[in-house]
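First up is the structure itself, then whatever we jot down about it.
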Amino acid sequence: AAGRPLTMIGTPESLPFAPGSIYAATKASQELLLVAASEALGFSAVTLRLQNVYGAGQSLQNPYTGIISIFFNRARQGLMLPIYEDGKETRDFVHVDDVVAGLISAMTSDVPSGTVCNIGSGIATPVDELAGELLRAGGLDVPVEVTGQFRVGDIRHNFADIERARTLLNYTPKVSLADGLRRFCGWAAG
């Protein structure tokens, strides 16, 4: 870009695999196994690439269930929320109700075997904004500190291009982040 600012774009399904972490490699291998099995065993396979799913029923104890449960648990204990990098890194947060709608659409739509669709909100949310939204939604008040830490293998921006799911599955996310976080906090507080 010759020194000009870059513009974020949603990650399309057509982007070739280039796993930068063990977690990413396991996701790629799962897709490859599904396609191979569907061809070998004669069933139809549709792959849904879920973004950062959150909502009622998720584990609040497992650190791998996502940043929302981690932040919520820290905040309700009165602990500071550590924001990695500069807080401007983005993720795509999708409510479980929208994921369920995507799953139902994938099972009931007439799409070719091997179809891959992103299921997300299609919105890039900076992590520092997520922290503020979550604290507001939960009526919580703790400090938020940008630490500059980072996780090896993490990418700076990650949000889904959901146009293929809109077109092929008639998928439209309906739960806004603010509403989803209110629902999550209400459930998690109970």
Side-chain angles (χ1 to χ4, degrees), residues 1-31 48-55 58-96 98-99 118-163 165 173 175-185 188:
R4 290 174 295 175
L6 299 175
T7 302
M8 275 190 289
I9 61 168
T11 303
E13 297 87 348
S14 59
L15 195 67
F17 289 139
S21 68
I22 293 170
Y23 176 78
T26 65
K27 294 298 185 185
S29 65
Q30 289 168 4
E31 281 192 30
L48 300 181
R49 293 181 180 163
L50 308 180
Q51 300 305 302
N52 295 314
V53 182
Y54 70 97
Q58 77 181 69
S59 173
L60 295 175
Q61 310 309 318
N62 182 341
Y64 296 101
T65 58
I67 194 170
I68 292 174
S69 60
I70 292 168
F71 279 1
F72 180 82
N73 280 329
R74 288 186 63 87
R76 75 177 174 173
Q77 294 172 54
L79 300 173
M80 171 274 294
L81 301 187
I83 307 290
Y84 282 15
E85 299 183 29
D86 61 358
K88 303 303 180 196
E89 65 278 12
T90 61
R91 296 296 181 265
D92 185 332
F93 298 99
V94 60
H95 192 269
V96 67
D98 288 329
V99 171
N118 289 326
I119 299 295
S121 68
I123 298 169
T125 300
V127 172
D128 60 354
E129 288 181 23
L130 169 73
E133 286 280 336
L134 179 66
L135 293 174
R136 276 188 291 285
L140 300 162
D141 185 21
V142 298
V144 175
E145 181 181 323
V146 175
T147 66
Q149 294 174 285
F150 62 93
R151 292 189 319 180
V152 174
D154 264 3
I155 61 175
R156 177 78 172 158
H157 300 292
N158 185 30
F159 71 103
D161 175 343
I162 60 172
E163 193 54 39
V175 181
S176 70
L177 183 61
D179 183 36
L181 290 174
R182 277 192 296 278
R183 293 186 202 181
F184 170 81
C185 289

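Throughout, numbering of the chain's residues begins at 1 and tracks the sequence.
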side-chain contact (heavy atoms from CB on, under 4.5 Å) between Q51 and I123, worked out: CA-CA 11 Å; Q51 300 305 302; I123 298 169; over 6 Å; no
Run the numbers on N52 and N158 for side-chain contact (heavy atoms from CB on, under 4.5 Å), then give the verdict. CA-CA 10 Å; N52 295 314; N158 185 30; 5.6 Å; no
Carefully, step by step, assess I83 and F71 under the rule side-chain contact (heavy atoms from CB on, under 4.5 Å). CA-CA 10 Å; I83 307 290; F71 279 1; 3.7 Å; yes
Using the rule given for side-chain contact (heavy atoms from CB on, under 4.5 Å), can you reason through S21 versus V152, listing the C-alpha separation, both sets of side-chain angles and the distance that settles it, and then say yes or no? CA-CA 8 Å; S21 68; V152 174; over 6 Å; no
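F150 places none of its side-chain heavy atoms less than 4.5 Å from the side chain of E89. Looking at heavy atoms from C-beta onward, V94 lies out of side-chain contact with L50 at the 4.5 angstrom threshold. Inter-residue side-chain proximity for R91 and D154 is flagged as met; some heavy-atom pair is nearer than 4.5 Å.
Considering all non-hydrogen atoms of both residues, A24 and G20 come closest at CB-N, 4.1 Å. Residues L81 and A75 share a closest heavy-atom pair of CD2-N, 4.0 Å. The two residues I162 and N118 come nearest to each other via the heavy atoms CG2-O, 3.9 Å. The shortest non-hydrogen separation linking H95 to G180 is CD2-CA, 3.7 Å.
The backbone N or O of K88 sits nowhere less than 3.5 Å from a side-chain atom of D128 that would complete a donor-acceptor pair. Remark: the backbone N or O of G120 is not paired with any side-chain donor or acceptor of D92 at under 3.5 angstrom. With hydrogens and angles disregarded, no donor-acceptor distance shorter than 3.5 Å links the side chain of E31 to the backbone of A28.
One finds no salt bridge joining D161 and R49 here, because no Lys/Arg side-chain nitrogen approaches an Asp/Glu carboxylate oxygen to under 4.0 Å.
The CZ atom of F93 sits 11.0 Å away from atom CD of E133, with the distance rounded to the nearest 0.5 Å. In this structure, R182 CZ and L177 CG are separated by 9.5 Å, a value rounded to the nearest 0.5 Å. Note that CG of D86 and CZ of R156 are 4.0 Å apart. Values are rounded to the nearest 0.5 Å. Between F159 atom CZ and S121 atom OG the span is 9.0 Å, to the nearest 0.5 Å. Considering CZ of F72 and SG of C185, their distance stands at 5.0 Å, rounded to 0.5 Å. Taking CG from L181 and CG from L135, the interatomic distance works out to 10.0 Å, rounded to the nearest 0.5 Å.
Looking at residues two or more places apart in sequence or on another chain, you find a side chain to side chain contact (heavy atoms under 4.5 Å, CB included) between N62 and S59, Y64, T65.
Applying the side-chain hydrogen bond (donor to acceptor under 3.5 Å, both in side chains) test to residues at least two apart or on different chains, the pairs with a partner in residues 73-84 are N73-R76.
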